[in-house]
A.B. asks: 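This is the structure I want to talk about, given as structure tokens.
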Amino acid sequence: EEQEEDVLRELRLFLRNVIERLSLDRRFKAFTKPVDIEEVPDYMTVIRRPMDLSTLLTNIDEQRYVTVGEFMNDADLIWQNALEYNPDSDPMDRHIRHRACALKDTVRAMIRDELDEDFERVCEDVRESR
Ligand SMILES: CC(=O)c1csc(NC(=O)C2C[NH2+]C2)n1
């Protein structure tokens with residue numbers, strides 16, 4: 001009912017703000033758009049579920065996330081994919097792995113510091129009621 005839509009609207013606003021701040025951080029530039037197949041032709045053969053910040057934003061606008069947990073499952077793909085695709089000891093791989101780990105820690109810190117656990121519980125109740 002209306003109260004449920006109010007909760008989901010507030011969730012979308014919170015998640016859009018998280019994405020906006022991540023997208024402004026220069027460390028995360030490589031994660032803002034889908035990997036370009038022309039530049040990285042073998043990417044799709046290695047990574048089964050590509051994810052990036054712009055796709056997360058589209059998913060939010062398409063109302064795919066009813067809980068922060070569902071959002072985190074997709075957000076985690078971004079850094080997990082980067083660690084998987086860049087496993088080598090060469091400096092470029094290490095550089096992007098460092099940024100992937102920074103992304104993981106930054107998202108988790110935002111959620112821990114800014115998401116009210118009672119709010120997430122209400123979102124989970126909405127999910128269970130559907
Ligand atoms: C988004 C992402 O994880 C990404 C984009 S390019 C890249 N890696 C490279 O270009 C090479 C460095 N060793 C492979 N990783």
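Atoms within a ligand are numbered from 1 in the order they appear, just like the ligands themselves.
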A.B. asks: If you measure every N/O of Tyr43 against every N/O of ligand 1, is any gap under 3.5 Å?
C.D. replies: no
A.B. asks: Would you check whether Asn86 has a nitrogen or oxygen atom less than 3.5 angstrom from a nitrogen or oxygen atom of ligand 1?
C.D. replies: yes
A.B. asks: Is there a side-chain contact (heavy atoms from CB on, under 4.5 Å) between Tyr65 and Asp74? Walk through the geometry before answering.
C.D. replies: CA-CA 10 Å; Tyr65 305 126; Asp74 279 354; 2.6 Å; yes
A.B. asks: Considering only non-hydrogen protein atoms, determine which one is nearest to atom 6 (S) of ligand 1 and report residue, atom name and distance to 0.1 Å.
C.D. replies: Val40 CG2, 4.1 Å
A.B. asks: With a 4.0 Å cut-off on N to O distance, would you call Glu120 and Arg127 a salt bridge?
C.D. replies: no
A.B. asks: Can you hop from Leu15 to Phe31 via hydrophobic side chains spaced under 4.5 Å?
C.D. replies: yes
A.B. asks: Going through the checks in order, is the side-chain contact (heavy atoms from CB on, under 4.5 Å) test met by Asn86 and Arg99?
C.D. replies: CA-CA 11 Å; Asn86 299 282; Arg99 290 172 161 174; over 6 Å; no
A.B. asks: Would a search of protein heavy atoms around atom 10 (O) of ligand 1 find one under 4.0 Å away?
C.D. replies: no
A.B. asks: Can you tell me the protein heavy atom closest to atom 12 (C) of ligand 1 and the distance?
C.D. replies: Asp93 OD1, 3.0 Å
A.B. asks: Could you tell me whether Ala30 approaches ligand 1 through its side chain, its backbone, both or neither, with non-hydrogen atoms closer than 4.0 Å?
C.D. replies: backbone
A.B. asks: Please write down residue, atom name and distance for the protein heavy atom closest to atom 4 (C) of ligand 1.
C.D. replies: Ile96 CD1, 3.5 Å
A.B. asks: Can you confirm whether the side chains of Arg94 and His98 place a donor and an acceptor under 3.5 Å from each other?
C.D. replies: no
A.B. asks: Between Thr55 and Asp52, is there a side-chain donor-acceptor contact under 3.5 Å, judged purely by atom types and distance?
C.D. replies: yes
A.B. asks: In this structure, would Ile96 and Val40 fall into the same cluster of hydrophobic residues linked by side-chain contacts under 4.5 Å?
C.D. replies: no
A.B. asks: Please identify which atoms of ligand 1 are closer than 4.0 Å to at least one heavy atom of Ala82.
C.D. replies: 3 (O)
A.B. asks: Heavy atom to atom 1 (C) of ligand 1, shortest distance: which of Val35, Asp88, Leu83 holds it?
C.D. replies: Val35
